[in-house]
Protein chains: 2
Amino acid sequence: MSGSFRRAPDFERRSDMIEATLDCIADLGIEATTVRAVAARAGISNGLIRHHFESKSNLIMAAYRHTIELMIRPALDVVALPDIPPHERMVKFVTACLGGSVAEPRLLSVWATFISHVRLSPRLAQEHRDGYLTFRRATEQIIDEILTADGRRLPTGELERLGIVVNALIDGLWLEGCLMEDFDEDRLIDLCLRAIESLLDIKLPDIAEIGT
Amino acid sequence: MSGSFRRAPDFERRSDMIEATLDCIADLGIEATTVRAVAARAGISNGLIRHHFESKSNLIMAAYRHTIELMIRPALDVVALPDIPPHERMVKFVTACLGGSVAEPRLLSVWATFISHVRLSPRLAQEHRDGYLTFRRATEQIIDEILTADGRRLPTGELERLGIVVNALIDGLWLEGCLMEDFDEDRLIDLCLRAIESLLDIKLPDIAEIGT
DNA sequence: CGACAAACTGTACAGTTGAATAATTATTAT
DNA sequence: ATAATAATTATTCAACTGTACAGTTTGTCG
């Protein structure tokens, strides 16, 4: 009666389970994301989950870490690009934040699920805080580069202020874009860039002028 | 063995249950928000919930409608204020969006829980969409009043664009403010107002200059 | 080959879930 | 007072939950 199975490398199995977990959260909601539902979606038996993750909550936490990674990785990659004009970097940064896989409603569902639990789990709260601050510092860094290139200097505290504001703008537009599917992705990015031009009093290059 | 009880008016009982539901969602998470947990928090027996709400999902939906109301009511009240200078209205509007009970982390937890389910329930999605559009139109209206008072006219589509952007800014700052408790509420409001000044190229009155 | 470690399955268990229902109680109308 | 009404409780039920664990299968190393 016992079907045959395949022994997968540890990392691969864990990845599969994490993916299946995110699938369940997005498609069924966290309240229906049971060990059995995840196992079924990953094509494994339920017992295997506790073999790789000591408990269900460990699996959920691992899934959250993976989600943060999915969300900020594209943007952080832009920050790490070497030898690129600062204004152009900002355009790519915004594009990475509001476009591609980051902008999918699926991801928003998962993100919202975790955000709703930040108050309940100190571990989750810390994980979120780290991600948020990393992101904000990245934003500040790009802003600083741009203003320096333009030969401008900011009063103390102004850079932080602009970082917070630009960050909020990006977050807000990301939310709206994910929730209202009729928003065109390119339009959203253009909207964001023009707003940033106003906020920082700068001129950014057109998206068309920039290569991939 | 049966304890004595009080017969409450229908509306009062329903309100109690809805409040208890929001308490549970915020303090325990939606996955632990069971009929029994809600009943215990409302100080009633579990059977009573199905007597007032036909099913658990009806209760949850009612709780969501109440949450939307909690979130946008203060801001909509500002929009409805008669005989108030447009610039001042904007200041009050932002204050209503980012301050008071709206800015409490509890509310964010509940909001995030519902947002995470928008993809799963067309009813929920419609409810959200209505609330969002109402909110954005309110924002647009105030912006329009301000620019008109300043004797400026916008090209077609620009008002919508500014509405989306200002809305996103408010949403993003609300998020950050709720999640990072060390953000001072007044500072957040000031930050938002200064950003709106840049975005709309206007001058807003100081908060100090305005009465309650 | 053969044996050994561990990845993997399937089932069992105690506790919990939403829902249904019978029994009880407070309130209102008469 | 008393009967009628419906709000409320308490219990029951089948289905499901996370976890534990005994047993099966697989790949690897000598």
Side-chain angles (χ1 to χ4, degrees), chain A residues 1-25 27-64 113-114 117 120-121 123-124, chain B residues 1-25 27-64 113-114 117 120-121 123-124:
Chain A
M1 197 64 193
S2 307
S4 68
F5 58 86
R6 181 178 98 84
R7 274 170 101 111
D10 184 75
F11 178 80
E12 184 184 322
R13 263 289 129 83
R14 290 173 63 97
S15 292
D16 286 350
M17 295 181 189
I18 289 176
E19 287 295 344
T21 303
L22 297 182
D23 273 356
C24 286
I25 292 178
D27 294 348
L28 311 173
I30 185 71
E31 72 277 11
T33 300
T34 66
V35 171
R36 285 168 181 81
V38 171
R41 217 164 264 241
I44 57 175
S45 76
N46 51 4
L48 193 54
I49 285 181
R50 273 182 57 80
H51 186 259
H52 287 266
F53 300 88
E54 214 166 296
S55 72
K56 182 191 178 184
S57 73
N58 280 357
L59 170 65
I60 301 286
M61 188 60 65
Y64 181 46
T113 300
F114 288 123
H117 285 72
L120 309 184
S121 155
R123 257 169 98 198
L124 213 62
Chain B
M1 198 66 196
S2 307
S4 69
F5 57 85
R6 181 178 100 84
R7 273 170 104 112
D10 184 75
F11 178 79
E12 183 184 323
R13 263 288 128 84
R14 288 173 65 97
S15 291
D16 286 349
M17 294 180 190
I18 289 175
E19 288 294 344
T21 303
L22 298 182
D23 273 356
C24 285
I25 292 177
D27 294 347
L28 311 173
I30 185 71
E31 71 278 10
T33 300
T34 66
V35 172
R36 286 167 180 83
V38 171
R41 217 166 263 240
I44 57 176
S45 75
N46 50 7
L48 192 54
I49 285 182
R50 271 182 57 82
H51 186 260
H52 286 266
F53 299 88
E54 214 167 295
S55 73
K56 181 191 177 183
S57 73
N58 279 358
L59 170 65
I60 301 285
M61 189 60 65
Y64 180 46
T113 299
F114 288 122
H117 285 72
L120 309 184
S121 156
R123 257 169 97 197
L124 214 63

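Letters A, B, ... mirror the listed sequences (proteins, then strands); counts begin at 1.
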[X] [atom1] to [N] [atom2]: how many Å, rounded?
X       : N      : atom1 : atom2 : value
A:Ile49 : C:dT11 : CD1   : P     : 17 Å
A:Asn46 : D:dT17 : CG    : C1'   : 11 Å
B:Glu12 : D:dA6  : CD    : P     : 19 Å
A:Asp10 : D:dG27 : CG    : P     : 16 Å
A:Phe53 : C:dA7  : CZ    : P     : 13 Å
A:Met17 : C:dC8  : CE    : P     : 7 Å
A:His51 : C:dT9  : NE2   : P     : 11 Å
B:Phe5  : C:dT27 : CZ    : P     : 8 Å

Run through DNA chain C and report every stem of 3 or more consecutive Watson-Crick or G-U pairs, distances under 3.5 Å, ordered by first number. C:1-30 with D:1-30
OG1 on B:Thr21 to CZ on B:Arg14, rounded to 0.5 Å: 11.0 Å
Quick check for you: to the nearest 0.5 Å, what is the distance between B:Leu48 atom CG and B:Arg13 atom CZ? 6.0 Å
Verify side-chain contact (heavy atoms from CB on, under 4.5 Å) between B:Lys56 and B:Ile49, making sure each step is shown before the conclusion. CA-CA 8 Å; B:Lys56 181 191 177 183; B:Ile49 285 182; over 6 Å; no
Do any of residues 31-44 of chain A sit with a heavy atom less than 4.0 Å from DNA chain C, and if so which? A:Arg36, A:Ile44
Please name all residues satisfying side chain to side chain contact (heavy atoms under 4.5 Å, CB included) with A:Asp27, sequence neighbours left out, ordered by chain then number. A:Arg41, A:Arg106, B:Arg119
State which residues pass side chain to side chain contact (heavy atoms under 4.5 Å, CB included) with B:Glu12; sequence neighbours excluded, sorted by chain then number. B:Arg6, B:Ala8, B:Pro9, B:Asp16
For B:His52 and A:Ser57, take the nucleotide of DNA chain D holding the closest heavy atom to each; which residue's nucleotide lies nearer the 5' end? B:His52
Throw together a table of side-chain donor-acceptor distances under 3.5 angstrom for residues 30-38 of chain A, partners on residues two or more places apart or in other chains.
residue : atom : partner  : partner atom : Å
A:Glu31 : OE1  : B:His117 : NE2          : 3.0
A:Glu31 : OE2  : B:His117 : NE2          : 3.0
A:Thr33 : OG1  : A:Ile25  : N            : 3.4
A:Thr33 : OG1  : A:Gly29  : O            : 2.8
A:Thr34 : OG1  : A:Ala37  : N            : 3.0

Quick one: do B:Phe53 and B:Ile60 satisfy side-chain contact (heavy atoms from CB on, under 4.5 Å)? Show the steps, please. CA-CA 10 Å; B:Phe53 299 88; B:Ile60 301 285; over 6 Å; no
A:Arg6 side chain near D:dG27 phosphate (N/O to OP1/OP2, under 4.0 Å): no
Among D:dT8, C:dG10, D:dT19, which nucleotide has an atom closest to any side-chain atom of A:Ser45? C:dG10
Are there any protein N/O atoms within less than 3.5 Å of an N/O atom in nucleotides 2-5 of chain C, and if so, which ones and at what distance?
none

